[in-house]
**Q** 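I have a structure here, written as structure tokens, and I will follow up with some questions on it.
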Amino acid sequence: GNSVTQMEGPVTLSEEAFLTINCTYTATGYPSLFWYVQYPGEGLQLLLKATKADDKGSNKGFEATYRKETTSFHLEKGSVQVSDSAVYFCALHHGSGNTGKLIFGQGTTLQVKP
Amino acid sequence: DTGVSQNPRHKITKRGQNVTFRCDPISEHNRLYWYRQTLGQGPEFLTYFQNEAQLEKSRLLSDRFSAERPKGSFSTLEIQRTEQGDSAMYLCASSLMTPGETQYFGPGTRLLVL
């Protein structure tokens with residue numbers, strides 16, 4: 001079945017460090033891929049998405065490229081800030097037929113220290 | 001655009017009681033989803049509606065759970081005879097009907113069953 005695997009956290013970085021959070025998926029066909037972020041005490045917010053192979057999603061300095069050959073959608077940011085501390089979820093959506101659900105990874109906690 | 005709203009935000013109940021949660025989606029969105037999130041995990045799909053039709057239900061959704069979306073607008077999720085294992089965050093999301101369309105999440109209802 002379809003699944004998403006994220007690197008285990010927590011990830012602890014100093015401010016201005018480079019961030020990578022790995023995400024790989026298993027799915028048939030061509031799913032859409034998403035990164036959602038959950039700040040402390042808040043709901044899930046869409047961070048970025050990509051709907052086809054080789055697409056790059058980007059937002060707020062974060063980027064992720066849909067790599068079909070490696071079934072990956074790794075999240076990167078060149079210089080993290082303390083305000084980026086949150087839990088990050090990778091997810092896939094298979095839009096064929098009536099399948100409407102998102103399938104999430106387990107989440108990766110990022111803590112950025114000043 | 002007021003976003004997805006959920007009520008109540010928190011609910012504490014005793015084992016065996018029934019609880020009902022409400023979700024108001026973004027007004028022009030015809031798809032509505034329910035997910036459950038336990039501590040340290042990603043959200044897990046429960047069910048989804050396209051307009052008033054319930055199109056998919058997860059095997060996680062036992063007979064004690066029922067969801068409705070009577071007029072294709074707001075939705076309710078009822079849990080009968082609650083158990084301690086039902087303690088979780090219940091998330092609602094909505095989207096347009098286009099495949100791969102972004103799901104926008106509400107703040108969630110946190111349920112604690114004593």
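Quantities reported herein were computed from a predicted structural model and do not represent experimental measurements. To find a chain, count down the sequence lines: A is the first, B the second, and so on, and within it residues start at 1.
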**Q** Taking CZ in B/Arg64 as the centre, count heavy atoms belonging to other residues, nucleotides or ligands within less than 6.0 Å. Is the count above 12?
**A** yes
**Q** Quick check on A/Gln38 against chain B: is it the side chain, the backbone, both or neither that has a heavy atom closer than 4.5 Å?
**A** side chain
**Q** Near B/Ile12 CD1, under 6.0 Å, is it more than 12 heavy atoms from other residues, nucleotides or ligands?
**A** no
**Q** Give, as side chain, backbone, both or neither, the part of B/Leu91 having an atom under 4.5 angstrom from any heavy atom of chain A.
**A** side chain
**Q** Taking CD in A/Glu69 as the centre, count heavy atoms belonging to other residues, nucleotides or ligands within less than 6.0 Å. Is the count above 12?
**A** yes
**Q** Would you say that B/Pro43 contacts A/Tyr36 through its side chain, given a criterion of any heavy-atom pair below 4.5 Å between the two side chains?
**A** no
**Q** What distance do B/Tyr104 atom OH and A/Leu46 atom CG have between them, rounded to the nearest 0.5 Å?
**A** 6.5 Å
**Q** Check whether more than 12 heavy atoms from other residues, nucleotides or ligands sit under 6.0 Å from atom NZ of A/Lys52, and answer yes or no.
**A** no
**Q** Checking B/Tyr35 side chain against A/Leu102 main chain: does a donor-acceptor pair fall under 3.5 Å?
**A** yes
**Q** If you draw a 6.0 Å radius around CD in B/Glu52, do more than 12 non-hydrogen atoms from other residues or ligands fall strictly inside?
**A** yes
**Q** Could you see if A/Val87 belongs to whatever hydrophobic cluster contains B/Tyr90? Use Ile, Leu, Val, Met, Phe, Trp, Tyr and a side-chain cutoff under 4.5 Å.
**A** no
**Q** Any idea which heavy atoms bring A/Lys101 and B/Gln103 closest together, and the distance?
**A** C-NE2, 4.3 Å
**Q** Where on B/Gln37 is there a heavy atom nearer than 4.5 Å to chain A: the side chain, the backbone, both, or neither?
**A** side chain
